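Only one structure is covered here, and it is reproduced in the block below.
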Protein chains: 2
Amino acid sequence: MNETTELLAVRVAELYYEENKSQDEIGGLLGVTRWKVGRLLAQAKERGIVRIEIVHPRARRLGVERALCERFGLDDAVVVPVPASVTELGDRVAQAAADYLTALRPVPRTLGVSWGRTLDTIAGRLEQGWATGVTVVQINGGVSLNRRPGTAANTAATIAQRASGQVVLLPSPAILERIETRRAIEADRTVAGVLELAQGASAYLYSAGVADATSVLVDSGYLTAADVAELVRKGAVGDVVGRYIDANGNIADPGLDERTVGLGLDQLRAAKNAIFVVSGEAKHDVARAVVTSGLCTVLVTDEATALALLEGTV
Amino acid sequence: MNETTELLAVRVAELYYEENKSQDEIGGLLGVTRWKVGRLLAQAKERGIVRIEIVHPRARRLGVERALCERFGLDDAVVVPVPASVTELGDRVAQAAADYLTALRPVPRTLGVSWGRTLDTIAGRLEQGWATGVTVVQINGGVSLNRRPGTAANTAATIAQRASGQVVLLPSPAILERIETRRAIEADRTVAGVLELAQGASAYLYSAGVADATSVLVDSGYLTAADVAELVRKGAVGDVVGRYIDANGNIADPGLDERTVGLGLDQLRAAKNAIFVVSGEAKHDVARAVVTSGLCTVLVTDEATALALLEGTV
DNA sequence: TGGACTCTTGCTCATATGAGCACATTGCTC
DNA sequence: GAGCAATGTGCTCATATGAGCAAGAGTCCA
């Protein structure tokens, strides 16, 4: 399209979209047929001269969602556009996750949830009555040692309460100091029952942690910043339900993993409905590791993360 | 429109504009009639949920243009959107002014032009052959004392040359030290002839200067920064064709005006086609003074200036 | 509780637009 | 310069959408 045609396309687009003139009227004004006007409008759209954007806190990016599903073999994806002016990125994504959960059919009878800041925000965004009779089970440990007492329990409890359901907490630390202690605690009837319930959940809802000192595992006292630095040196890009993974989605430190209580990654991979919620540039690496290694079936994320995932592969 | 309807409108807009589904298809997907889909789309547009923007260096803002004409009684207005990322604001506006001049019908036989940076940029943006046989006459003095020798002459000459026309320069300083000298020079046959031609021009093309030390009149040595500061204290907001005006469009310093050579503001007000080109926040005050006091019939400006003009009145 | 008024909805018919086709134009190669 | 391929154009007919209207729904007040 040469410069003259391009300028004509600009004028046509202005008259059509800003002046609300019909293609026939525009043709008369500019001395071209209405068929040519239509073609110029199509070209204006193709070349980005006309930009149509859906601007709303609940808006989605359906095209990007489909591209993610095709690329990564996901069952579903939810992508939310977040304008640069919005500072609470996680809020928009959490809202979208809450919307998705509310709309999920069939309603999951048992929902396994992790804990962390993202999950807490999602819990806060769920409406009372988002479902009825959902049993919410914790899938990673964290009741004890937690410096913010009750957050993990609160998250699961809130989600359950707002679905008029029950909460089943995992009464165990997230990470134990000795493998023997982890085995003993998992063998205990109380913990074993919760883990069995967790393994049988119809859906899982979880996020990821960044492999740095901001991790809630550091915050909670399970790991030190030095521990995490060592994990990074072993290739860790982040943690999923308390388990550190590398860029290929494999366990970064098997020894640490053996001491970690909660649902295993194999069980997450085998899940029929694993809803992964993630946002922010800091989590791009772990997000990529999760979606490329089959650790989720549904992804809820922001547009920038989605586009980064789509650009980075092949 | 309550929250449920608003969310429905978002979904409808996404399916229509991003998925290119017909209103009938969308109705089937969402369980509403195609007529309701149409109404939801209209609401989405009204409430800014759908934003359609023309993004191109040559794009205009036709609605804003019409509003300016209605508000200020202009014969025409040209408003160009300039994205925040574009640093050469004046370039876009200068291009629009060049476009306007080229499209002007009837072609002006005699075109009076001022000189300054904006006019120089416009001259550079005009294409060879933008018109034929146009006599370009300088309407404000400035050949002598100019520290950038020839700029004023170059501007007029370039415009004339690219219209295969003649240039008529005003061989006089912009401002003289004594009123008597100004009268003498204007009485001289050479200068008088040019001024007569200038007064009889079919169209005028000019910009405005900011009332501060960046003025080309300071740059050129006619005024000192102290002179301009004094003018500001007398209420000057800027200069038009070398004449300082206040917020109401009146001469700020009659004494200085008496020593200024060139087309008078009364003559500009009486013109049938006075094309005023202005951009940038620094010039908002003088722009307002010009459009509200009948000193132009056509305004070419950037979108931010246009909106500032529309907001500031009444 | 009923009537009046306002708002919303579904529909008919008119208008607007697009898909696909046949023909025209343009550009390239021999 | 001719032939061929690619691109562009105008058109017919089908599809999509909107304007205006009548009917239904909802709200408010006496």
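Convention: sequence-line order gives letters A, B, ...; per-chain numbering from 1. Bear in mind the structure is a predicted one, so any value in this text is a computation, not a measurement.
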Listed by chain and number, what are the side-chain contact (heavy atoms from CB on, under 4.5 Å) partners of [X], not counting sequence neighbours?
{"X": "Asp76(B)", "answer": "Tyr100(B), Val298(B)"}
{"X": "Ala203(B)", "answer": "Pro108(B), Leu111(B), Asn273(B)"}
{"X": "Ala271(A)", "answer": "Tyr204(A), Ala274(A)"}
{"X": "Thr301(B)", "answer": "Val79(B), Val278(B), Leu299(B), Thr305(B), Ala306(B)"}

Checklist entry - How does each nucleotide of nucleotides 13-26 of chain C score, in 5' to 3' order, for protein heavy atoms under 4.0 Å: base (B), sugar-phosphate only (S), or none (-)? => result B---BB-B------
Item to check | Listed partners of Glu70(B) passing salt bridge (charged side-chain N to carboxylate O under 4.0 Å, His left out), at least two apart | outcome: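 By the salt bridge (charged side-chain N to carboxylate O under 4.0 Å, His left out) rule, Glu70(B) matches no residue at all.
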Checklist entry - In degrees, rounded to 10°, what is the bend between the two ends of the helix from dT1(C)-dA30(D) to dC30(C)-dG1(D), using five pairs at each? => result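 Computed from the C1' atoms at both ends, the axes differ by 30°.
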Checklist entry - Are Thr33(B) and dG10(C) close enough that a side-chain N or O sits under 4.0 Å from OP1 or OP2? => result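 So the side chain of Thr33(B) is within the cut-off, an N or O lying under 4.0 Å from OP1 or OP2 of dG10(C).
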Next on the checklist: Would Asp91(B) and Gln95(B) count as a side-chain hydrogen bond (donor to acceptor under 3.5 Å, both in side chains) here? Give the steps.
Outcome noted: CA-CA 6 Å; Asp91(B) 278 352; Gln95(B) 181 64 67; over 6 Å; no
Checklist entry - Can you list every salt bridge (Lys or Arg N to Asp or Glu O under 4.0 Å) pair that touches residues 36-46 of chain A, not counting sequence neighbours? => result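 Residue pairs with at least one partner in residues 36-46 of chain A: there are none.
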Item to check | Atom-pair distance (NZ on Lys36(B); P on dC7(C)), nearest Å | outcome: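 Whole-Å distance recorded here is 15 Å.
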Tell me which donor-acceptor pairs under 3.5 Å the side chains of residues 19-31 of chain A have, and how far apart each pair is, sequence neighbours excluded?
{"residue": "Glu19(A)", "atom": "OE1", "partner": "Arg66(B)", "partner atom": "NH1", "Å": "2.6"}
{"residue": "Ser22(A)", "atom": "OG", "partner": "Glu25(A)", "partner atom": "N", "Å": "3.1"}
{"residue": "Ser22(A)", "atom": "OG", "partner": "Glu25(A)", "partner atom": "OE1", "Å": "3.4"}
{"residue": "Glu25(A)", "atom": "OE1", "partner": "Ser22(A)", "partner atom": "N", "Å": "2.8"}

